[in-house]
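In what follows, a structure is listed as structure tokens, so that the remarks can point back to it.
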Amino acid sequence: MHTTLLTTLSLALSTSALVLPRQQSPQTISNAGGAPPNVPPPTNISSSAIADFQGVNFLENLESAFFAAGLANLTSSEWYHHDHDHDLAIQIVTKVQAQELIHVQTAENILNHFKDKTFTPCEYVFPVTTAEEFFALANIITSVGIGAVINVASSLALTDPNLVPGPASILAIEARHDAFFRAAAHVSPIPNPAPFDTRISAAYALNLAMPFIVPGSCKGGMPSFPIIPALKQTSGASPLTGSSGPITFSFDASQVKTDASSTYYIGWVNQANVVNYTPATVSNGNVASTIPNGLAGLAFAALTNQSTALDVNTLTGVTLAGPAPVQIS
Ligand SMILES: *[C@@H]1O[C@H](CO)[C@@H](O)[C@H](O)[C@H]1NC(C)=O
Ligand SMILES: *[C@@H]1O[C@H](CO)[C@@H](O)[C@H](O)[C@H]1NC(C)=O
Ligand SMILES: *[C@@H]1O[C@H](CO)[C@@H](O)[C@H](O)[C@H]1NC(C)=O
């Protein structure tokens, strides 16, 4: 009896050890202001929801590593200077980083519960050398994360409606992070440039994350997604382009075949609207187009050879290069 109990106990322990989530430290929970939701897990889950939470797991790993590195820099002797704004930024980024870790654990808890694959962090490089550049990239990374989580919530609403509240309440917190970074990076002191944030596809978010991931460093694997050649904005007032006016982009012409006889467009993804198309002139990896009227906040621009795809997920399948984040206002 005793032996059986012990065997059962050790079996139970080893089974649970297999699926034990990465628990966050009491310090992280305290910095974040709370732990992952303690509501019971759902009784079943769709395969698309699994893919959604795996995407969240993978992207939030990147975000938490980015903020951990930024926080180390903000507090380092190189970046640190004693003034009210800098001290406040350290306080805020400490919370941001801890909250990203809690979001990672929230996604992993669901995946572990259903014994699905989770993703360990990769190695990352972030092209920033000053606090202002860190805040500016934080604004872009946070906006990409928000766009991806809107897509997750939209997809869960169709397949797993009882799982919508988690991502929905993550969105409101990420929006507060972004409002701080917009101001700290001097993009704009206005936290609310548009009535809607912009949904992007999982493939867009993952492609936008790629430049920050050291090739071959994802020992725990990566979600599978279509690789789309990058599109880079090469003109436009910095940091804000305004709505309307000319804009140029570039892409690697060896990766994307274009020809003089075809018609090209920039597809603009912004707020909750259908994709807006402007004609594009393409030659040798250079693209000239115009910013349509009526965009605001951060838009995502994609090079394409059609103008009929109405939503971002359809546009993703016919994107030749992109998307490029374009800060309109
Ligand atoms: C969960 O199971 C119930 C009952 O079988 C079913 O109606 C529901 O669609 C399932 N939900 C998901 C997300 O698969
Ligand atoms: C931190 O600072 C180092 C050294 O300047 C830099 O290489 C790195 O990109 C910075 N990372 C972040 C996220 O600020
Ligand atoms: C658009 O580009 C794709 C990929 O290069 C190509 O297969 C397709 O035929 C093109 N469509 C048009 C209308 O040019």
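Worth saying up front: this structure is predicted, and the values here are computed from it rather than measured. Note that ligands are numbered from 1 as they come in the structure, with each ligand's atoms numbered from 1 the same way.
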* Is there a path of hydrophobic side-chain contacts, each under 4.5 Å between heavy atoms of I, L, V, M, F, W or Y residues, that connects I228 with Y277? -> yes

Review point. Is F67 in contact with ligand 2, taking contact as a heavy-atom separation below 4.0 Å?
Key: no

In terms of its nearest heavy atom to atom 7 (O) of ligand 2, the top option of N73, I141, V128 is V128

Here the atoms of ligand 2 under 4.0 Å from any heavy atom belonging to F66 are 13 (C)

Practice task
Assess the side chains of R199 and N151: does a donor N or O sit below 3.5 Å from an acceptor N or O?
Solution key: yes

Q: Check the hydrophobic clustering (I, L, V, M, F, W, Y; side-chain heavy atoms under 4.5 Å; chains of links allowed) and say if V144 and V326 are grouped together.
A: no

Problem - T129 and E133 side chains, donor-acceptor separation under 3.5 Å - result: yes

Under 4.0 Å from atom 4 (C) of ligand 2, do we find at least one protein heavy atom?
-> no

With a 6.0 Å cut-off on ring centres, are F181 and F67 close enough? yes

Short version for F135: what comes under 4.0 Å of ligand 2, heavy atoms counted, is neither

Margin query: Tell me whether atom 14 (O) of ligand 3 lies less than 4.0 Å from at least one protein heavy-atom position.
Written below: yes

closest protein heavy atom to atom 11 (N) of ligand 3 is N305 ND2, 2.9 Å

Exceeds 12 heavy-atom contacts within 6.0 angstrom, atom CZ of F196 = no

Quick note on ligand 2: atoms under 4.0 Å from a heavy atom of A69 include exactly 13 (C)

Ligand 2 atoms nearer than 4.0 angstrom to some heavy atom of F126 are 9 (O)

Value for OG1 (T258) from CG (N284), rounded to nearest 0.5 Å, stands at 8.0 Å

Legend entry - Heavy-atom protein contact below 4.0 Å for atom 9 (O) of ligand 3: no

